[in-house]
Structure formats: C-alpha cells, structure tokens
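Below is one structure, written out as structure tokens, with a few remarks after it.
Just so it is clear, the model here is predicted, and its values are computed rather than measured.
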Amino acid sequence: MIGLTRLVTGRRSPSDRYRYGSSEAPSRQRGDEERTVTRHRFADDDGHHPVVVWNITESCNLECAHCYYSAVLGRDPVATSFDDIARVIDDLAEARVPVLLLSGGEPLIRKDIHDIAAYARSKGINPVISTNGTIITRPEHARKLRESGVEYVGISVDGMAERHDAQRRKEGAFDRTRRGIELCREAGLRVSMRFTVTAANVDDLPAVLNLAEEVGIDRFCLYHLVPSGRGKRFGDIDNATRRRIIEHLCEQAPDRPYEILTVDNPSDGPVIHQWALEHRPDIADEVLDRLRSQGGDGTGRRIVEIDHDGMLHPNQFWLSHTIGNVLEQPFNEIWNPDGDASLDPLVAELRRDEWPLEGACGACNYASLCGGFRARANNATGNLWAEDPSCPLTKSERAADTTVATGASA
C-alpha cells in the first residue's frame with residue numbers, strides 16, 4: 001500500500017503510524033553520519049505482528065466479475081462459528097496484531113459481525129470492515145457498526161452507475177452502494193472508497209474521483225487487479241495505462257480533500273519518485289526516503305490472510321498456498337514459531353534480508369524499496385522471484401540513483 005498523497009503533498013494520515021513505524025519518519029544521512037533506519041512497528045524482537053485480512057465468509061449478495069475470492073450467494077455464510085473466531089482473536093491479540101480487516105464474500109451477511117468487531121476491539125485490535133455497501137440501507141445499520149467498535153469502513157466502487165452495476169452483476173448496486181457510503185459518513189465512520197482498476201472501467205476513473213469528493217470520503221484506494229479467483233478471467237490494463245493513472249493521481253492529490261493510496265503494486269512508489277524528479281524535484285529525496293522507510297511488498301511480514309475455513313495464506317491473493325490452520329494451531333505458533341518449530345518455507349523465503357530477484361526486478365536499483373508484488377509474479381510465472389509483469393518502469397529508470405541526498409528534510 002503506497003500513501004500517494006503523503007508522498008506528493010506531505011499531508012499526514014492516521015495510518016502513518018502503521019506505514020512509517022513507531023516514529024513519524026526515519027532519520028536520514030547528514031554529512032558523513034551513519035544513516036539510521038526506523039524499525040517498523042510490524043516487527044520486533046518478539047516476531048512479526050501483521051495486519052490480518054480475514055475472509056470470514058465466502059458468501060456474498062453479489063457475484064462480481066473480478067472477485068479474487070470467487071464469492072457467491074448461497075454458500076454457508078457462517079463456516080466458522082463465533083466461538084472459534086473469538087478464540088482466534090485471542091491468539092491474534094497475544095501476537096499483537098494491530099488491525100483485523102473483516103472481509104469476504106460480504107462480511108455484513110454474517111448476523112454476528114457486530115459481535116466479532118466488538119470482541120476484536122475489546123482485545124485491543126482495530127476492526128475494519130471491507131464491504132460492497134449495499135446491505136447498509138438504514139441509518140441504524142451504520143450506527144450499529146460504529147457502536148461495535150468499527151471506526152473505518154472500506155466500500156468498493158467499480159465505476160459510475162452503468163459500469164459499476166455491470167461489473168457487480170446487479171442492477172441498482174451503484175445506488176445502494178452510494179447510499180451505504182452516505183449513511184456511514186453520517187454515522188461518523190471513516191470511509192475508504194476502493195476502486196479496482198480494470199480494462200473495463202479505467203475510463204470511469206476521473207468521474208469516480210469526483211464522486212469520492214462529492215460523497216465526502218476520507219480515503220480513495222486504487223487497487224491494481226491481481227489474477228486470482230474470478231479476476232483471472234478479467235481484463236487488466238496495460239503498463240502504459242498503469243503509469244498514466246499513477247501520474248494522474250500525483251497531479252490530482254494536492255487538490256483532493258481525501259487521501260489517495262494505491263494497493264497491490266509496489267512499483268507505484270518508484271513511478272511516483274520518477275514523477276517527482278520530473279515535476280517536483282524539491283520533494284524527490286523525501287519521496288525516496290519515505291519509500292525506503294515503508295519498504296515494498298509486505299507479504300510474509302506485514303500482512304497475512306485467514307480464509308473462511310481458518311486456513312492461513314500469505315495474503316488474500318495467494319490462496320493457492322496454505323501456511324497452516326488457525327482453528328487447529330495458535331496463530332503465533334504458525335507465524336512466529338519458537339525453538340525447533342519450523343516456519344513455512346515460502347514465508348521464510350519472503351522474510352529473507354535480500355530477495356534473489358530475477359529479470360527486470362533483479363536489475364533494478366529500486367529493488368530494496370519495491371521488489372515487485374511477489375504474488376503477482378508467482379501467479380504469472382510459477383517463479384517466486386520472477387520480475388513483476390505489472391511494473392511500468394523503463395530500463396533507464398531502473399538504473400536511477402536511489403540514494404537519499406544529504407540534507408533531505410521532512
């Protein structure tokens with residue numbers, strides 16, 4: 001996840017405490033002094049403490065064409081009981097997980113969703129809801145989320161009405177989603193609008209940015225399509241278009257009242273740095289410094305996914321690989337094993353200090369602060385360390401000087 005607005009404007013966000021570590025920004029080189037890197041709050045001497053995405057149901061009231069989880073209506077919405085979920089939340093709290101993102105399917109289908117959120121909050125974990133918004137139809141629906149301890153809701157919008165309804169395969173879905181956003185805002189919830197860009201909806205992006213401002217959202221998240229679930233059959237944009245979108249968002253960020261982030265494409269960071277070198281050289285060193293502080297793909301360290309059956313996966317787009325089952329073994333024993341216990345081999349590879357990247361990623365000077373999205377590279381080639389096919393950088397840009405200049409300032 002790249003905080004584009006923060007990189008381009010310096011505007012602070014409540015999520016900076018997760019993205020940039022325990023202090024607001026890293027210390028920097030000054031003269032010949034040794035550079036000190038801020039330690040990320042997701043890792044310490046006791047292990048890794050990731051954001052957990054929990055797809056708590058595979059059932060959904062929609063059947064979106066690009067769904068990475070292949071969710072459909074009619075499947076059992078409660079594959080895992082509340083008691084089992086509460087027991088796992090106890091384990092997550094012991095592992096000092098900071099955020100639990102409750103997703104699906106459609107998590108609001110579960111009648112115990114408010115109890116789940118409240119229990120997570122009672123254990124010191126920040127519960128977040130990822131929803132299509134169509135079930136939030138009355139003010140009390142949004143108020144009940146707030147009362148259960150939810151402060152932040154992510155709601156997906158795939159374009160304006162015609163495109164959104166076509167991609168969501170449900171007439172009227174756009175109007176219901178917009179109403180859900182408005183009700184959440186009225187209830188005092190922070191709202192993120194989530195837009196997964198595809199070849200089918202990319203032309204709607206300017207209108208969706210305007211819509212986000214009109215309905216008063218707090219954050220706009222642009223997701224890049226990852227070929228998993230039904231998304232394998234959906235058309236992605238080409239890399240030239242991908243680059244134009246990021247550059248457009250860089251231009252838009254200063255004038256938009258909401259925060260803009262991009263998700264699932266670490267190369268967006270280097271693209272932003274290249275944009276800054278050309279258009280805002282005064283901030284280019286600071287952009288690079290923040291990217292270094294944040295790091296690239298956090299799979300295996302800063303994020304992990306639990307599916308509806310309790311299976312643990314590297315992230316929500318890597319469901320083909322199972323690390324363990326949190327219903328059968330405590331989360332921390334799987335994620336941060338002690339003594340003779342063995343860490344999952346794939347996770348161990350992802351936690352290497354230096355990745356043996358190949359192809360364009362291996363030859364790139366941005367590798368240490370990007371590294372490509374490993375799930376996408378692996379899904380596309382079967383090779384964990386292959387180059388990420390969604391990187392739009394040129395060969396000359398990959399050779400860029402990525403050292404932080406002396407005197408870079410916050």
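Across Pro98 and Pro50, no two heavy atoms sit closer than the pair CD-O, 3.5 Å. The shortest non-hydrogen separation linking Pro127 to Ile125 is CD-O, 3.1 Å. Closest heavy-atom contact between Leu346 and Pro314: CD2-CG, 3.8 Å. Contact record, Asn239 with Cys391: ND2-O, 3.3 Å, taken as the closest heavy-atom pair. Smallest separation of non-hydrogen atoms from Ile303 and Trp335: O-CH2, 3.9 Å. The two residues Val263 and Cys221 come nearest to each other via the heavy atoms CG2-CB, 4.3 Å.
At a threshold of 4.5 Å between non-hydrogen side-chain atoms, the residues Cys361 and Asp388 count as touching. The side-chain heavy atoms of Asp344 and His321, taken from C-beta on, include a pair separated by under 4.5 Å. Here the side chains of Ile306 and Asn55 are not in contact, with every heavy-atom distance at 4.5 Å or above. At least one side-chain heavy atom of Leu384 sits less than 4.5 Å from a side-chain heavy atom of Leu350. Using a 4.5 Å heavy-atom threshold, the side chains of Asn378 and Thr381 count as separate. Between Thr177 and Ile155, the closest side-chain pair of non-hydrogen atoms falls below 4.5 Å. Two residues are said to be in side-chain contact when any heavy atoms from C-beta on lie closer than 4.5 Å; Arg376 and Asn379 fail this criterion. Residues Leu4 and Ile272 form a side-chain contact, since some pair of their non-hydrogen atoms from C-beta on lies under 4.5 Å apart.
Here Asp218 pairs with Arg185 in a salt bridge; the nearest charged N to carboxylate O distance falls below 4.0 Å. One finds a salt bridge joining Lys123 and Asp90 here, because a Lys/Arg side-chain nitrogen approaches an Asp/Glu carboxylate oxygen to under 4.0 Å. Asp297 has no carboxylate O lying under 4.0 Å from a charged side-chain N of Arg374, or vice versa, which leaves the two without a salt bridge. Ion pair Arg178/Asp175 not flagged as a salt bridge, since none of the NZ, NE, NH1 or NH2 atoms sits closer than 4.0 Å to an Asp/Glu carboxylate oxygen. Using a 4.0 Å cut-off between charged side-chain N and carboxylate O, Glu259 and Arg219 make a salt bridge. With respect to Glu286 and Arg290, a salt bridge is recorded, a charged nitrogen being found less than 4.0 Å from a carboxylate O. Salt bridge annotation for Glu213-Arg256: present, with a cationic side-chain nitrogen under 4.0 angstrom from a carboxylate oxygen. Salt-bridge annotation for Arg163 and Asp203: absent, with no side-chain N of the basic residue lying under 4.0 Å from a carboxylate O of the acidic one.
In this structure, CD on Gln252 lies 12.5 Å from CD1 on Ile245, to the nearest 0.5 angstrom. Atom CD1 of residue Ile260 and atom CG of residue Leu209 lie 6.0 Å apart, to the nearest 0.5 angstrom. To the nearest 0.5 Å, atom NE2 of residue His224 and atom CG of residue Asp264 are 8.0 Å apart. Atom CD of Glu186 sits about 5.5 Å away from atom CG of Leu183, to the nearest 0.5 Å. Note: Ile129 CD1 to Leu189 CG = 9.5 Å, rounded to the nearest 0.5 Å. Taken to the nearest 0.5 Å, the CG atom of Asn61 stands 5.5 Å off from the CD atom of Glu106.
For Glu63 (side chain) and Arg169 (main-chain N/O), no donor-acceptor pair under 3.5 Å exists by modelled atom type. A donor-acceptor pair is defined here as one N or O able to donate and one able to accept, closer than 3.5 Å; no such pair exists between the side chain of Asp112 and the backbone of Asp115. Checked by atom type and distance alone, the side chain of Asn201 never pairs as donor or acceptor with a backbone atom of Asp204 at under 3.5 Å. The backbone N or O of Gly188 sits less than 3.5 Å from a side-chain atom of Arg146, completing a donor-acceptor pair. Judged purely by atom type and a 3.5 angstrom limit, Thr241 has no side-chain atom pairing as donor or acceptor with the backbone of Ile237. A distance-only check finds no donor-acceptor pair linking the side chain of Thr9 to the backbone of Arg6 [under 3.5 Å]. Looking at Ser156, its side chain never comes within 3.5 Å of a backbone N or O of Asn132 through a donor-acceptor pair. In this structure, the side chain of His141 engages the main chain of Ile135 through a donor-acceptor pair within 3.5 Å.
Residues meeting the ring pair (Phe, Tyr, Trp, His ring centres under 6.0 Å) test with Phe373, sequence neighbours left out: none. Partners of His279 by ring pair (Phe, Tyr, Trp, His ring centres under 6.0 Å), not counting sequence neighbours, listed by chain and number: Trp275.
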Between Val53 and Leu100, does a side-chain contact (heavy atoms from CB on, under 4.5 Å) hold up when you go through it step by step? CA-CA 6 Å; Val53 178; Leu100 177 59; over 6 Å; no

Do Ser390 and Asn265 pass the side chain to side chain donor-acceptor pair (under 3.5 Å) test, and can you show the C-alpha distance, the side-chain angles, and the key distance before you say yes or no? CA-CA 7 Å; Ser390 294; Asn265 210 39; 4.6 Å; no

So His48 and Phe42, side-chain contact (heavy atoms from CB on, under 4.5 Å) or not? Walk me through it. CA-CA 6 Å; His48 293 75; Phe42 290 116; over 6 Å; no

For Arg242 and Ser267: C-alpha separation, side-chain torsions, deciding distance, then whether side chain to side chain donor-acceptor pair (under 3.5 Å) applies. CA-CA 10 Å; Arg242 196 180 311 281; Ser267 65; over 6 Å; no

Determine whether Leu225 and Val197 satisfy the following criterion, side-chain contact (heavy atoms from CB on, under 4.5 Å), listing intermediate values before the conclusion. CA-CA 6 Å; Leu225 185 69; Val197 62; over 6 Å; no

If you apply the rule salt bridge (charged side-chain N to carboxylate O under 4.0 Å, His left out), what do you find for Glu349 with Arg352, and how did you get there? CA-CA 5 Å; Glu349 283 290 286; Arg352 292 174 60 149; 3.3 Å; yes

Step by step, would you call Thr262 with Met1 a side-chain contact (heavy atoms from CB on, under 4.5 Å)? CA-CA 6 Å; Thr262 74; Met1 184 174 286; over 6 Å; no

Pair Asp158, Arg168 - check salt bridge (charged side-chain N to carboxylate O under 4.0 Å, His left out), show working. CA-CA 8 Å; Asp158 297 322; Arg168 294 272 151 178; 2.5 Å; yes

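Of the N and O atoms on the side chains of Asn126 and Arg121, at least one donor lies less than 3.5 Å from an acceptor on the other residue.
Between Phe174 and His164, the ring-plane angle classifies as perpendicular under the 30° and 60° cut-offs. The aromatic rings of Phe220 and Tyr258 sit tilted, their planes meeting at an angle between 30° and 60°.
Within 6.0 Å of CD in Glu354 there are 12 or fewer heavy atoms belonging to other residues, nucleotides or ligands. Atom CD of Glu94 sits in a sparse spot, with 12 or fewer heavy atoms from other residues, nucleotides or ligands closer than 6.0 Å.
Looking at Asp44, Asn336, Asn332 one by one, the single match for side chain to side chain donor-acceptor pair (under 3.5 Å) with His49 turns out to be Asp44.
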